[in-house]
Amino acid sequence: MPKLPSRAARSTAPRSRERSAGGATASHRPQDFHVVGVGASAGGLDACKRLLSALPGGHGMAFILVLHLDPTHESLMADLLAPHTSMVVQQAADGMPVEADHLYVIPPAFYLSVEAGHLRLSTPEAPHGARLPFDFLLKSLAGEYGAAAMGVVLSGTGTDGTIGLEAVRVKGGFTVAQDPKEADYDGMPRSAIGAGAVDLVAPVTEIPEALLARARQPADAPAPSALARIVALLRASTAFDFTLYKPGTLQRRTERRMALAAMGTGEMDRYLEVLRKDPVELDLLAKDLLINVTGFFRDPEVFTALEEKIIPDLVRDHPPGRPLRVWVPACSTGEEAYSLAMLFFEVIAALKRSVHVQVFASDVDPDAVAKAREGFYPDAVTESVSPGRLERFFVKDSGGFRVSADLRAAVVFTVQNVLADPPFSRLDMISCRNLLIYLTPEAQAKAISLFHFALLDNGLLLLGTSEEVNGADLRFALLSKPLRLYRRVGQRRPGALPFPIGTKDGVYLPARPAKVATPSRQAAFAELCRQVVLDSYAPAAVLINRACECLYYLGSTDPYLRLVPGHPT
């Protein structure tokens, strides 16, 4: 049995409060400040460092960290974490008062809890493999601090923290899980998310701001709604993140699925439990929220104006020798992208210009993109596509029509999250109709900034009839209010790119250099020969990884890339 650290030997903090007869400090009230329990195991040290580095000083919260440590060795965890925070960092000792702007780290071989505002160490009764020290801490925080308790689960294996986070949430506290997609080990966060025990799923560097925002809320602020927990579950368990969708849109579409499941609008908590247990229903809800609504030549008056004035001007003024590039974000099943390609083909033929058109179409839904790539549409296409266009651009097939080979070759479809993934660039036109209306104002502004980055000078931006660019935004000039057509006029600002060059969740991960063995003499000659040929005849190239990080430059990239001084980003 491990020996309990003595209070005198382990507690170095001055006792600024005196105990009352009941054992609690005379001035201590649990609601004075928020107490955050943080739990992790494998991969947790790095996650903790990043969390603390992102946390501003003077936040007024107390942090208690539970890591799964080797019970037979002394821990250096407090010393390792201290350089990453302005808080006072201490290894927890029995009887220490819990104070704001302090970080307490669990010692090896003990359970840690809070009682009457003080830390309590106890000896685990369960064998080492069955211990759940983070659950033990969180349950005590829930009982001691109620709505002022918070729980954060980071990288780790197993399920420790799932039960404790639920206890915190039941008491009105706030619970967060590191996004499993970025965690080194996703067992602990994924377990908590799957059980519906977290209010928020976020990259570790965004967790401090969420904690601060919660700490600033009034004590009687409501706990996150069932709808917010549904969105968190979707983010953790599917490929889709709906956190930037308008709440009203989410509410209506979710209630539609609930009605199909014979549930009333007041039974969202019950529907949440269904989603946790039924992955099929969870996937169906995600599909409903994607709102794949489109059609050929949708809003005919818009396409008539494009055909008669906008596209002819684009084609007539386009410089020779460069493809005319068009992007259709949120393309759904492809009808709008094909409609635009048809108009460009017709105008180019009418003006007798030799212009090559490239239409890029993207959507976050891989199933919709697959249908778009197939290019097959039912017989109902005859209601929106004229007989002449059907004859020229389609081939009759069993049960419907298939786009012609020429039309299909003009459109490149790809799966892409317009708010998270790098955009296409050097574009002459973007047609993004009826996406912004579903997004929050913050997400709309981000999309507009992205479109400005992607367009060439004087490039065109076409929005939906219920969407617009803010009149105070000087980066776009309004060409036609009825069409919601804009021209790019503002200069690109350094650093204005609205997504990080890094992972999709915004965490920059430096490339790890590979270990290269010393080459033999023959291998060295071969490499020299290859290098001479490449330097003399090969085009310039840059090797990047999936995180869009530059790993290697081949040849002179100066004509294409201008690198700024300092560390690469």
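Residue numbers start at 1 and run along the sequence shown. These figures come from a predicted structure and were not determined experimentally.
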Please check this pair: side chain of Arg353 against backbone of His318, looking for a donor-acceptor N/O pair closer than 3.5 Å.
yes
Could you check whether any side-chain heavy atom of Asp363 comes within less than 4.5 Å of a side-chain heavy atom of Val415, counting everything from C-beta outward?
no
Do Thr465 and Pro482 have side-chain heavy atoms sitting under 4.5 Å apart?
no
Any chance you could lay out the side chain to side chain contact (heavy atoms under 4.5 Å, CB included) test for Leu461 and Met429, step after step, and finish with the verdict?
CA-CA 6 Å; Leu461 173 62; Met429 179 178 177; over 6 Å; no
Of all the heavy-atom pairs spanning Ala443 and Leu244, show the shortest one and how long it is.
CB-CB, 3.7 Å
Would you indicate whether Glu383, at its atom CD, is surrounded by more than 12 heavy atoms from other residues, nucleotides or ligands within a distance under 6.0 Å?
no
Starting at NZ of Lys287, measure out to CG of Leu282 and round the result to the nearest 0.5 Å.
11.5 Å
Ionic contact status for Arg50 with Glu182, cut-off 4.0 Å:
yes
If I take atom CD from residue Glu307 and atom CD1 from residue Ile311, how far apart are they, to the nearest 0.5 angstrom?
8.0 Å
Side-chain heavy atoms of Leu250 within contact of Leu227, under 4.5 Å:
yes
Is Asp397 paired with Arg402 through a side-chain N to carboxylate O contact shorter than 4.0 Å?
yes
Hey, are Tyr271 and Glu281 close enough side-chain-wise for a donor-acceptor pair under 3.5 Å?
yes
Decide, yes or no, whether a salt bridge links Asp365 with Lys371 under the criterion of side-chain N to carboxylate O below 4.0 Å.
no
Look up atom CD1 in Ile448 and atom CG in Leu436, then write down how far apart they are to the nearest 0.5 Å.
5.0 Å
Show the numbers, then the answer: is there a side chain to side chain contact (heavy atoms under 4.5 Å, CB included) between Gln178 and Val153?
CA-CA 6 Å; Gln178 180 183 4; Val153 60; over 6 Å; no
Any salt bridge linking Arg257 with Glu267? Criterion: basic side-chain nitrogen under 4.0 Å from a carboxylate oxygen.
no
So that I can tick it off, tell me whether Arg433 and Glu336 are bridged by a salt bridge, with the cut-off set at under 4.0 angstrom between side-chain N and carboxylate O.
yes
Working to the nearest 0.5 angstrom, can you tell me the gap between Ile437 CD1 and Lys246 NZ?
7.0 Å
Given 3.5 Å as the limit, does a donor-acceptor pair link the side chain of Gln444 with the main chain of Leu439, or not?
yes
Can Phe394 and Met342 be said to form a side chain to side chain contact (heavy atoms under 4.5 Å, CB included), step by step?
CA-CA 11 Å; Phe394 291 82; Met342 283 186 261; 4.0 Å; yes
What heavy-atom pair brings Tyr185 and Gly43 nearest, and what distance separates the two atoms?
CD1-N, 3.9 Å
Distance-only, no hydrogens or angles: does the Arg408 side chain make a donor-acceptor pair with backbone N or O of Gly375 under 3.5 Å?
no
Can you tell me if Asp406 and Ser404 form a side-chain donor-acceptor pair at under 3.5 Å?
no
Do Asp313 and Arg316 sit within salt-bridge range, that is, some charged N less than 4.0 Å from a carboxylate O?
yes
CG on Leu435 to OG on Ser332, rounded to 0.5 Å
11.0 Å
Glu391, CD: over 12 other non-hydrogen atoms inside 6.0 angstrom:
no
Could you give me the CA-CA distance, side-chain angles and deciding distance for Glu335 and Thr333, then say whether side-chain hydrogen bond (donor to acceptor under 3.5 Å, both in side chains) is met?
CA-CA 6 Å; Glu335 287 92 327; Thr333 47; 2.6 Å; yes
How long is the gap from CG on Leu260 to CG on Asp288, to the nearest 0.5 Å?
7.5 Å
Check this for me: does any side-chain nitrogen of one of Asp269 and Arg229 sit under 4.0 Å from a carboxylate oxygen of the other?
yes
Are Thr205 and Ile207 close enough that some pair of their side-chain heavy atoms sits under 4.5 Å apart?
no
Say whether, by atom type as modelled, one donor and one acceptor occur between the side chain of Arg488 and the main chain of Leu455 under 3.5 angstrom.
yes
Charged N to carboxylate O below 4.0 Å: is that the case for Arg389 and Glu346?
yes
Using side-chain heavy atoms (C-beta onward) and a distance below 4.5 Å, is Leu479 in contact with Tyr486?
no
Using side-chain heavy atoms (C-beta onward) and a distance below 4.5 Å, is Arg475 in contact with Phe451?
no
Pairing of Arg487 and Asp457 as salt bridge, 4.0 angstrom limit:
no
Taking the six-membered ring for Trp, are Tyr338 and Phe296 parallel (under 30°), tilted (30 to 60°) or perpendicular (over 60°)?
parallel
Any salt bridge linking Glu209 with Arg216? Criterion: basic side-chain nitrogen under 4.0 Å from a carboxylate oxygen.
yes
Does some side-chain heavy atom of Arg235 sit less than 4.5 Å from a side-chain heavy atom of Phe242?
no
Students often mix this up, so state it plainly: with edges at 30° and 60°, are the rings of Phe360 and Phe424 parallel, tilted or perpendicular?
parallel
I'd like to know whether the aromatic ring centres of Phe401 and Tyr377 sit less than 6.0 Å apart in this structure.
no
Considering residues, nucleotides and ligands other than Lys309, do more than 12 of their heavy atoms fall under 6.0 Å from its NZ?
no
Test log, rule side chain to side chain contact (heavy atoms under 4.5 Å, CB included), inputs Leu289 and Phe240:
CA-CA 10 Å; Leu289 293 177; Phe240 309 113; over 6 Å; no
Are any of the side-chain heavy atoms of Pro323 and Val357 separated by less than 4.5 Å?
no
